[in-house]
There are 2 protein chains.
Amino acid sequence: MESSIKTDSKGRKKVLNACLEPCAIEKGMRLIGGKWKGSIIYHLKDGAVRFNDLSRMLGGATKKMVDQRLKELEQEGMVKRNVLSERPMAVSYELTEFGRTALQILDDLRQWSETHNIEIKS
Amino acid sequence: MESSIKTDSKGRKKVLNACLEPCAIEKGMRLIGGKWKGSIIYHLKDGAVRFNDLSRMLGGATKKMVDQRLKELEQEGMVKRNVLSERPMAVSYELTEFGRTALQILDDLRQWSETHNIEIKS
DNA sequence: TAATGTGGTATATTTTAGATACCTTGTAGG
DNA sequence: CCTACAAGGTATCTAAAATATACCACATTA
């Protein structure tokens with residue numbers, strides 16, 4: 001939804017179309033923007049990866065976080081969980097077709113992030 | 001940094017280059033992916049907007065949130081704060097050159113979000 | 001036999017978000 | 001003049017989320 005602002009005769013402004021619900025940007029962010037979610041999706045770009053490997057790839061994220069985000073992504077239909085074998089336990093996660101549709105945006109983000117050499121405050 | 005996985009003779013996999021620090025995707029997300037941040041940037045795309053108008057545009061975000069995010073964005077050099085007049089207080093926020101460089105990604109996200117008709121669970 | 005790896009869970013603490021009320025200054029309407 | 005509301009926030013409190021740490025059962029490796 002497009003918001004627009006009207007300026008009246010005295011230079012005052014009024015919002016005509018406020019977002020009554022989270023708008024598209026915010027909705028999209030809830031899917032790929034949550035903490036670690038983008039990173040998880042991106043690290044699955046080359047194929048299925050096992051749980052512990054994925055956890056190690058994401059420096060800083062705890063296993064609990066990775067687990068939680070993977071469950072969300074599974075529910076949202078972006079990631080598929082494969083049980084490779086029980087006893088010894090082995091599980092891998094891979095992107096679904098829908099999950100793959102997000103890769104372009106994430107790659108653009110990566111490029112943007114790299115070219116602007118972003119610093120993160122502790 | 002690129003992580004890679006080595007598969008050994010028994011089909012087991014090992015991570016060779018884990019991300020030691022948050023990788024580019026994660027860094028980028030910290031800039032434009034925080035809650036409401038993407039929305040704020042996107043709603044400034046057509047020019048300077050006043051604080052209360054911006055708050056109203058973002059259905060759901062409290063003024064405290066908007067204020068906090070704007071201060072972060074200002075520190076990160078993506079947004080500029082203009083005092084239009086003291087007494088009566090009037091302030092507007094607009095994107096910097098750097099802030100504008102994020103618009104393409106956000107617009108792609110919006111498009112992706114719209115075409116896939118994302119539902120958000122309460 | 002001890003160490004390590006698998007895929008997680010449990011618990012507690014810290015950090016962040018969200019709701020609500022309030023502040024000062026100023027203007028508009030009745 | 002009085003009330004009401006708008007501006008741009010801040011203060012306080014509660015709820016939710018992230019993080020750290022330890023632990024589990026089982027299996028393989030050294």
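So that the names make sense, note that chain A is the first sequence line, chain B the second, and so on, each numbered from 1.
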Of all the choices, [options], which nucleotide is nearest to the side chain of [X] once you look at every atom?
{"X": "A/Arg87", "options": "D/dC26, C/dG7, D/dG9", "answer": "D/dC26"}
{"X": "B/Asp53", "options": "D/dA18, D/dA7, D/dG9", "answer": "D/dA7"}
{"X": "A/Met89", "options": "D/dG8, D/dT19, C/dT6", "answer": "C/dT6"}
{"X": "A/Lys35", "options": "D/dT19, C/dG7, C/dG18", "answer": "D/dT19"}
{"X": "A/Asn52", "options": "C/dT6, D/dA7, C/dG8", "answer": "C/dT6"}

**Asked** With a cut-off of under 6.0 Å to the ring centre and 45° to the axis, is B/Arg30 in cation-pi contact with A/Trp36?
**Response**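 Because its charged atom sits under 6.0 Å from the ring centre and within 45° of the axis, B/Arg30 does stack over A/Trp36.
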**Message:** For DNA chain D, which residues of residues 61-69 of chain B approach it to below 4.0 angstrom with any heavy atom?
**Reply:**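 Nucleic-acid contacts, sorted: B/Lys63, B/Lys64, B/Asp67.
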Distance in angstrom units between [X] [atom1] and [N] [atom2], rounded:
{"X": "B/Arg30", "N": "C/dT16", "atom1": "CZ", "atom2": "C1'", "value": "13 Å"}
{"X": "B/Met29", "N": "D/dA18", "atom1": "CE", "atom2": "C1'", "value": "17 Å"}
{"X": "B/Lys37", "N": "C/dA17", "atom1": "NZ", "atom2": "C1'", "value": "14 Å"}
{"X": "B/Glu74", "N": "D/dG8", "atom1": "CD", "atom2": "P", "value": "14 Å"}
{"X": "A/Leu70", "N": "C/dT6", "atom1": "CG", "atom2": "C1'", "value": "15 Å"}
{"X": "A/Glu86", "N": "C/dG8", "atom1": "CD", "atom2": "C1'", "value": "13 Å"}
{"X": "B/Arg81", "N": "D/dA7", "atom1": "CZ", "atom2": "C1'", "value": "12 Å"}
{"X": "B/Leu58", "N": "D/dG9", "atom1": "CG", "atom2": "C1'", "value": "16 Å"}

**Asked** Looking only at atom types and distance, does a side-chain atom of B/Thr96 sit under 3.5 Å from a main-chain N or O of B/Gly77, one as donor and one as acceptor?
**Response** yes
**Message:** Checking A/Glu74 now: which residues fulfil side chain to side chain contact (heavy atoms under 4.5 Å, CB included) with it, not counting sequence neighbours?
**Reply:**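 Side chain to side chain contact (heavy atoms under 4.5 Å, CB included) check on A/Glu74 returns A/Arg81.
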**Message:** Holding to side chain to side chain contact (heavy atoms under 4.5 Å, CB included), I want the full list of residues that pass it with A/Ser85, two or more places apart in sequence or in another chain.
**Reply:** A/Pro88, A/Ala90
**Request:** Please figure out whether A/Pro88 or A/Gly34 has its closest DNA chain D nucleotide nearer the 5' end.
**Result:** A/Gly34
**Asked** Does A/Asp108 have any salt bridge (Lys or Arg N to Asp or Glu O under 4.0 Å) partners at least two apart in sequence or in another chain, and if so, which?
**Response**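 Checked A/Asp108 against salt bridge (Lys or Arg N to Asp or Glu O under 4.0 Å); zero matches.
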**Request:** Kindly write out the residues that satisfy salt bridge (Lys or Arg N to Asp or Glu O under 4.0 Å) with A/Lys71, not counting sequence neighbours, or none if the list is empty.
**Result:**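 Listed in chain order: A/Asp67.
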**Prompt:** Who pairs with A/Gln111 by side chain to side chain donor-acceptor pair (under 3.5 Å), at least two apart in sequence or on another chain?
**Reply:** none
**Request:** Check whether any side-chain nitrogen or oxygen of B/Arg50 sits under 4.0 Å from OP1 or OP2 of D/dA7, and answer yes or no.
**Result:**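 The answer is no; no side-chain N or O of B/Arg50 sits under 4.0 Å from OP1 or OP2.
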**Phosphate contact (C/dG18 OP1 or OP2) by B/Trp36 side-chain N/O below 4.0 Å** =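 Yes, B/Trp36 has a side-chain N/O under 4.0 Å of OP1/OP2 on C/dG18.
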